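Heads up: the structure comes next, in structure tokens.
All values below were derived from every heavy atom in this structure, side-chain atoms included, with hydrogens, water molecules and symmetry-related copies excluded. Just so we're clear, the structure is a prediction, and the values are computed from it rather than from any experiment.
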Amino acid sequence: MTAPARVPFAVPDEIAHDVIAREPLWYAYAAGDDHPAPPSWAAGPSPEAAGHADPYPAGLIRADDRIPLPFGTLDLLETAAFPHGRVSDPVADPLGHALAAAFGPQWYDLDNPYNPHRGYASGRSHYPVQVFVDDGTRWRLLEPDRHALTGLAHASPGRYRRLALTGRYARVLPSYRWFRGSLVHAELGIALRALSVALYRFGLPATLRMPGPDGPALIAGLGLRPTGEWSLPLVVDLAAGRPDATTVADERPDDPVLAELFDVNRAQRYPDRPAPLGCGVPSGAAVPGESWAELTWRRNSGRVPAGLLGFAARPCRVDGSVLEDAARWLRLAPPSATLAGVAARTTLTVAVQNVTGYADGVHRVGPDGSLELVRADPDIAARLEGVYGYARSPSSGCDVRHAAMLWFLSVRPRDLHAAYGPAGWTAAQYVAGWAVHGLGLAATAGGLFARPVRAFDEEPTRDLLGLGPDEMIALAAIAGTPRHPSGAVLDIRL
């Protein structure tokens, strides 16, 4: 049987509450299919969760060819005030320091199985996005955990100073199936904003080049095989350059789910000209009076003690200025015309409680960052906990009911497809990742944690938020006061 769906297409009973299996239906609907068929893999058992896969294939790097990143990045960031401060001291290797600031490990949490932690959120600390650095003569892989740039065994020669950000789908647990694509694309947006902030801190102007026809050749030129396991790169130019002219035969994966992700990713087409990357910080951002080093150190996703999973929050009143600042960070669009256009078409909805100056309930963010009450509801956080995919238990935190802010970024997939073609789908994920990294910084400045999630049951959540039936929740984030802000955490910054 097929249950009546509060979406523009029918959803079979067996996947009515499956966020992962429903996403391909949204993608097909966006492209014009009013009766999308469930994916064939949705009827079978979910693959067993496995441990972390290697972030890159065996034989990619040359372990005997490592150049250490510079030391002292922590000390330099201590001199730069959050959020507008820049490092004023002259440094010999500003790019090396910027890479350490953006992607370097921050702490090792003895209570947590997913280590080490960096300065940005990543699902289960998979960190599927890899950064490659072209110094003008050769490509190297950034290995943050080794604090080094490492030679590639089979890479083509470099051409000019640039960075390439690409994600490996096979790095993410097979149990996430089709959603591995969304996780990788959202983290590309997160990594892009972390990079933009860091480059600006160290005075390095850059431009963003969206994925283009040269993407498969660039992947192959880095020695990434099979190419179909990797997303088309986001290229950040540090010097004048242009796309590679060569073409290669892309390698569509044999795995049917990965093959679908490959098709979605390779369908991207962007007419955008290269755009200045910018600083990643809104002009009106609050100034809490601390350094970038301290701010990044305090960022977390709601850490829990050993033996617990999920996240933990405690009820605590929050000043309204924190909510307003979060809206400013979320509303700052990423560079490129397409990403800016998709950001303008992304609806920001927030459920708040215990926020001074704002009624408990659902609010919508306007284009200017102002918040408008949609529906007052003193129990909104508890109601949303009831439709969260991970129930509270003796072994799980998931304190949704104690959150101060529950943010939801939603899009109308068919509208995006009409405006931007297939690129609209993936661009929405880049935008969502970019936005939630900004939220994480704003929340930290306000004394809160922020945790990106996609585990809310879509239908009842849409009803609680007052979203239209053709709106898909691209990403959500839970922000609240940490219940366990510290513990057995080792400082491993360099």
Would Asp134 and Tyr160 satisfy side-chain hydrogen bond (donor to acceptor under 3.5 Å, both in side chains), going step by step from the backbone distance to the final call? CA-CA 6 Å; Asp134 180 357; Tyr160 63 94; over 6 Å; no
Would you check, one step at a time, whether the test salt bridge (Lys or Arg N to Asp or Glu O under 4.0 Å) holds for Arg414 with Asp33? CA-CA 10 Å; Arg414 184 165 285 189; Asp33 188 349; over 6 Å; no
Given Asp255 and Arg177, is the salt bridge (Lys or Arg N to Asp or Glu O under 4.0 Å) satisfied, shown in steps? CA-CA 10 Å; Asp255 179 280; Arg177 292 182 165 182; over 6 Å; no
Audit row: His417, Tyr29, side-chain hydrogen bond (donor to acceptor under 3.5 Å, both in side chains) steps and yes/no: CA-CA 10 Å; His417 192 280; Tyr29 169 77; over 6 Å; no
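Between the side chains of Thr227 and Asp250, at least one donor N or O sits under 3.5 Å from an acceptor N or O. When only modelled atom types and interatomic distance are considered, His484 and Asp111 share no side-chain donor-acceptor pair under 3.5 Å. Checked by atom type, the side-chain pair Arg140/Thr150 shows no donor-acceptor distance below 3.5 Å. Neither side chain, Glu229 nor Tyr56, offers a donor N or O lying under 3.5 Å from an acceptor on the other.
Using a 4.5 Å heavy-atom cutoff, the side chains of Arg162 and Trp139 are in contact. Using a 4.5 Å cut-off on side-chain heavy atoms (C-beta onward), Pro274 and Leu208 make no contact. The closest side-chain heavy-atom distance from Tyr27 to Pro36 is not below 4.5 Å.
Partners of Leu308 according to the side chain to side chain contact (heavy atoms under 4.5 Å, CB included) rule, which considers only residues two or more places apart in sequence or in another chain, are Val304, Pro305. Applying the side chain to side chain contact (heavy atoms under 4.5 Å, CB included) rule to Glu78 yields the partners Leu74, Ser291, Ala293; only residues at least two apart in sequence or on another chain are considered. For Ala217, the side chain to side chain contact (heavy atoms under 4.5 Å, CB included) criterion is met by Thr246, Val248, not counting sequence neighbours. Ser196 pairs by the side chain to side chain contact (heavy atoms under 4.5 Å, CB included) definition with Arg193, Leu277, Trp434, not counting sequence neighbours. Take Arg146 and apply the salt bridge (charged side-chain N to carboxylate O under 4.0 Å, His left out) test, not counting sequence neighbours, and it matches Glu143.
Counting only distance, with no hydrogens or angles, the side chain of Arg299 and the backbone of Gly119 share a donor-acceptor pair below 3.5 Å.
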Would you mind writing out the side-chain donor-acceptor pairs for residues 93-108 within the sub-3.5 Å range, not counting sequence neighbours?
unit_1, atom_1, unit_2, atom_2, d
Asp93, OD1, Gly96, N, 3.0
His97, ND1, Thr73, OG1, 2.8
Gln106, NE2, Gly104, O, 3.3

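Once rounded to the nearest 0.5 Å, the distance linking CG of Leu232 with CE of Met210 reads 10.0 Å. With rounding to the nearest 0.5 Å, the separation of OG in Ser410 from CD in Glu458 is 10.0 Å. A distance of 9.5 Å separates CG in Leu448 from CZ in Arg298, rounded to the nearest 0.5 Å.
Using a 30° and 60° split on the angle between ring planes, Phe449 and Phe311 fall in the tilted class, from 30° to 60°.
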